[in-house]
Amino acid sequence: MSTLEAPVAAGHTTSRRVDHSDEGLSPAKPIVRRRKSGLWSMLIALVGLVGVAAAASRYFSSSSQGLESAYVVSPVQRSTFLVTVTEDGNLESASNVELKCEVEGGTTILEIVPDGSLVKKGDQLALLDSSLIEENLNLQKNAVGKAEATMISAKNDYEAAKISVQEYVEGTYLQSLQTIEADITIARQNLTSSENISRHSEEMVRKGYTTPQQHESNVYAVKKARLDLEKQLTAKKVLEDFTKVKTQKDLESKRDTAEAKMKSEIAAYDLESAKLRRLEGNLKKCKLVAPQDGMVVYANDTGGGRGGQQTPKIELGAAVRQYQAVLRLPDLSHMQVKVLVHESKIEELRPGQRARVKIQDRELQGTVTQVASQPEASQWFGGGAKEYATYVKIDGQPDGLKPGMTAEATILIDEKKNVLTVPVQCVVGKGAKSFAW
């Protein structure tokens, strides 16, 4: 048994074992010749040797033919070796217009056009359940009406409080001040008159024209007029230093309180109005309308063509979550293949690599456009293996392609030229080495 070591593609060192031995054969036994003289003995020996040689020739010939027929052989030759990654996937549009359920809290599908329908811009594609929204909408309208009435009342109270401050500062206070100042003027005049009368009566008493009692009455009148004047001056000081400040502060406090209440009621009204608008928006969002012409495709993702479950499934009566894709309008002129690549191979992939795509009996060319940085959600039956979504955009605008078709993408990783190659069936692994038989 001899072994031929030769390098093969991808840098492996393999061994090609070729069996050149004739298994089952034993060396010819030595010929024992008796020491007899004579021609007869030599002739017998010669005939025997010729017979043995002929038999051996026939045996070796038949054994070689049997060995060649028992093995399939292939020449080791130099050629170009392609390193590729091949995965199955699903065909999809590279440019989709998605229609999602935007109803808060989610809802259910009441009506939906058949999958694959051709629609025009403005056509209704699906109708979502709006019964709960309509009920809440009616309740919210009442809440908005009450909030509006309270807000208007608060606005009027604020305006009245604001006018009260202005009324006091520019009206009531000035009026009170003017009244006190008039009283002060009168008191001063009364004091002056009383003093003049008192002085005159004092002169008259000395001359004997009036009685002392009358003079005492005039002196008392002077004291009374002076007290009246002091009273009016004190009233003015109290008005200016205390009454005005206190009353103005009180009115301004009521005004500020009314303003705060008004702002609170305005905010409450705005909040209730926003809820009303949101409910009205949700009601409108229950109708999914086509934004453009195209073909309707249900948003049932199957996990990259590996038999994943459709969760949740889009169909009549199905429950849909908020922001869940319901329908897609794919651009059929720009198609791509989504495949899931095992984590052991993902490091070899990068955008820009060329790929060959097989769809049914068609073979197309494409380019890797995106390699996911995060693995897809693992299925329970996946055994914990991580798979990464990889997208291959198909060149040109081939006709007859539809989303959901099964496709096989072969991505070119490397190209090794002028290397020794053997069929993969020849390669056998043993430990860390590979051998080609």
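Counting only heavy atoms from C-beta outward, the side chains of V297 and L327 never approach each other to under 4.5 Å. Counting heavy atoms from C-beta outward, N282 and C286 have side chains that stay 4.5 Å or more apart. Residues E240 and L177 are in side-chain contact: their nearest non-hydrogen atoms beyond the backbone lie under 4.5 Å apart. Within the 4.5 Å cutoff, side-chain heavy atoms of L332 are placed close to those of M295.
Judged by distance alone, the side chain of E408 and the main-chain N or O of V357 form no donor-acceptor pair under 3.5 Å. Within the 3.5 Å criterion, the main-chain N or O of L132 finds no donor-acceptor partner in the side chain of E135. A donor-acceptor distance shorter than 3.5 angstrom exists from the side chain of T421 to the backbone of Q77, with no hydrogens or angles considered. Distance alone, capped at 3.5 Å, is enough to place a donor-acceptor pair between the D331 side chain and the S333 backbone.
Scanning all heavy atoms of the two residues, the minimum distance from V97 to Q292 falls at CG2-NE2, 3.6 Å. Nearest heavy-atom pair across D183 and Q232 is CB-OE1, 3.0 Å. Heavy atoms only, all atoms of each residue included: M405 and G400 are closest at CE-O, 3.5 Å.
Atom CZ of R255 and atom CD of Q248 lie 8.5 Å apart (nearest 0.5 Å). In this structure, the separation between CZ on R356 and CD on Q365 is 7.5 Å, given to the nearest 0.5 Å. Atom CD of E265 is separated from atom CD of E148 by 12.5 Å, given to the nearest 0.5 angstrom. The distance from the CD atom of E347 to the CD1 atom of I413 is 11.5 Å, given to the nearest 0.5 Å. Here the straight-line distance linking atom CE of M335 with atom OG of S95 works out to 11.0 Å at 0.5 Å rounding. Rounded to the nearest 0.5 angstrom, E181 CD and K236 NZ are separated by 4.0 Å.
Residues E102 and Q322 bring no donor and acceptor atom of their side chains to less than 3.5 Å of each other. For the 3.5 Å distance criterion, the side chains of T84 and T410 fail to qualify, holding no donor opposite an acceptor.
With sequence neighbours left out, R226 forms a salt bridge (Lys or Arg N to Asp or Glu O under 4.0 Å) with E195. With sequence neighbours excluded, the residues forming a salt bridge (Lys or Arg N to Asp or Glu O under 4.0 Å) with D250 are K254, listed by chain and number. Applying the salt bridge (Lys or Arg N to Asp or Glu O under 4.0 Å) criterion to D241, with sequence neighbours excluded, gives K237. With sequence neighbours excluded, the residues satisfying salt bridge (Lys or Arg N to Asp or Glu O under 4.0 Å) with K162 are E159. Residues passing the side-chain hydrogen bond (donor to acceptor under 3.5 Å, both in side chains) test with S344 are H342, sequence neighbours excluded.
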Donor-acceptor contacts, no H, no angles, side chain residues 113-125, under 3.5 Å, sequence neighbours left out:
{"residue": "D115", "atom": "OD1", "partner": "Y298", "partner atom": "N", "Å": "3.0"}
{"residue": "S117", "atom": "OG", "partner": "P114", "partner atom": "O", "Å": "2.6"}
{"residue": "D123", "atom": "OD2", "partner": "K120", "partner atom": "N", "Å": "2.8"}

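Taking the ring centre of Y391 as origin, the terminal cationic atom of K338 falls outside the region bounded by 6.0 Å and 45° from the ring axis.
For NZ of K393, the number of neighbouring non-hydrogen atoms (other residues, nucleotides, ligands) closer than 6.0 Å is greater than 12. Q175 CD: 12 or fewer foreign heavy atoms inside a 6.0 Å radius.
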